[in-house]
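So that the names make sense, note that chain A is the first sequence line, chain B the second, and so on, each numbered from 1.
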Amino acid sequence: KAGVTQTPRYLIKTRGQQVTLSCSPISGHRSVSWYQQTPGQGLQFLFEYFSETQRNKGNFPGRFSGRQFSNSRSEMNVSTLELGDSALYLCASSLSPDSYNEQFFGPGTRLTVL
Amino acid sequence: AQSVAQPEDQVNVAEGNPLTVKCTYSVSGNPYLFWYVQYPNRGLQFLLKYITGDNLVKGSYGFEAEFNKSQTSFHLKKPSALVSDSALYFCAVRDSGAGSYQLTFGKGTKLSVIP
């Protein structure tokens, strides 16, 4: 079974631009979560989707948004990029949003904002 | 609110020696606990989890973890460390009763296994 895939793997943007990141979950997985990883703040939860519905959102400004499609693929968007948005963005999938299910992570998208 | 603490930023251990990576947690209900490992430029890999039952949980690559409810701890252990175990280790928790599916991670512990 193929793992979680994320595209692109690397991105370089400038302040004020917007960016869209894509995540394809493991086949059969219907829950997708997004995390931001930085050296200073560690791993921070962005949001979780199940059946095209956002079920939970972390403490991030409204510039960060996401969606999930009917095939469980997910995208996240960051508008009006700031230098502090430079991070590794990780997508994770699980069979369902049941709390006891482990999540499987993709390799991440490394975003650099100049 | 749920939280996780990994009190050591870095752990150094000699190859062949036992290793322990510490984790303590705080939740209002019963915890679901997870350990993940991250190698450089890679995503996180699931190692093991505690949901209920036996306090000693066995996982991938010879790792195990012991759940201690009274000390609210979930330390990761391995009897004999390998150089290839050198990586960043994350402990994570979910509150089983909160109705939230958010995983809260610790800051991570860098494990270095010295040949």
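Counting heavy-atom neighbours within 6.0 Å of A/Arg15 CZ, excluding the residue itself, gives a total of 12 or less. No more than 12 heavy atoms of other residues, nucleotides or ligands shown are found within 6.0 angstrom of CZ on B/Arg42. Around atom OH of B/Tyr61, no more than 12 heavy atoms belonging to other residues, nucleotides or ligands sit under 6.0 Å away.
One hydrophobic cluster, built from ILVMFWY side chains closer than 4.5 Å, cannot hold both A/Phe105 and B/Leu48; they sit in different ones. By the criterion of side-chain heavy atoms lying less than 4.5 angstrom apart, applied directly or through intervening Ile, Leu, Val, Met, Phe, Trp or Tyr residues, A/Phe64 is grouped together with A/Val19 in one hydrophobic cluster. A/Phe45 and A/Phe50 end up in different hydrophobic clusters when Ile, Leu, Val, Met, Phe, Trp and Tyr side chains are linked at under 4.5 Å. In the hydrophobic clustering of this structure, B/Val4 does not group with A/Leu43; members are Ile, Leu, Val, Met, Phe, Trp, Tyr whose side-chain heavy atoms approach within less than 4.5 Å, directly or through other members. The hydrophobic cluster containing B/Val21 also contains B/Val13, counting ILVMFWY residues as joined when their side-chain heavy atoms lie under 4.5 angstrom apart, directly or transitively.
Contact between A/Gln103 and B/Tyr36 at its shortest, heavy atoms only, is N-OH, 3.0 Å.
Only the side chain of A/Gln37 comes within less than 4.5 Å of a heavy atom in chain B; its backbone stays farther off. With a threshold of 4.5 angstrom between heavy atoms, B/Phe90 approaches chain A through side-chain atoms but not through N, CA, C or O. Residue contact with chain A, scored on non-hydrogen atoms closer than 4.5 Å, involves the side chain of B/Gln38 exclusively.
A heavy-atom distance below 4.5 Å is not found between the side chains of A/Tyr35 and B/Leu44.
Rounding to the nearest 0.5 Å places CG of B/Leu103 at 10.5 Å from CD of A/Glu102.
Residues of residues 104-115 of chain B lying under 4.5 angstrom from chain A, judged on non-hydrogen atoms, are B/Phe105, B/Lys107 in numerical order.
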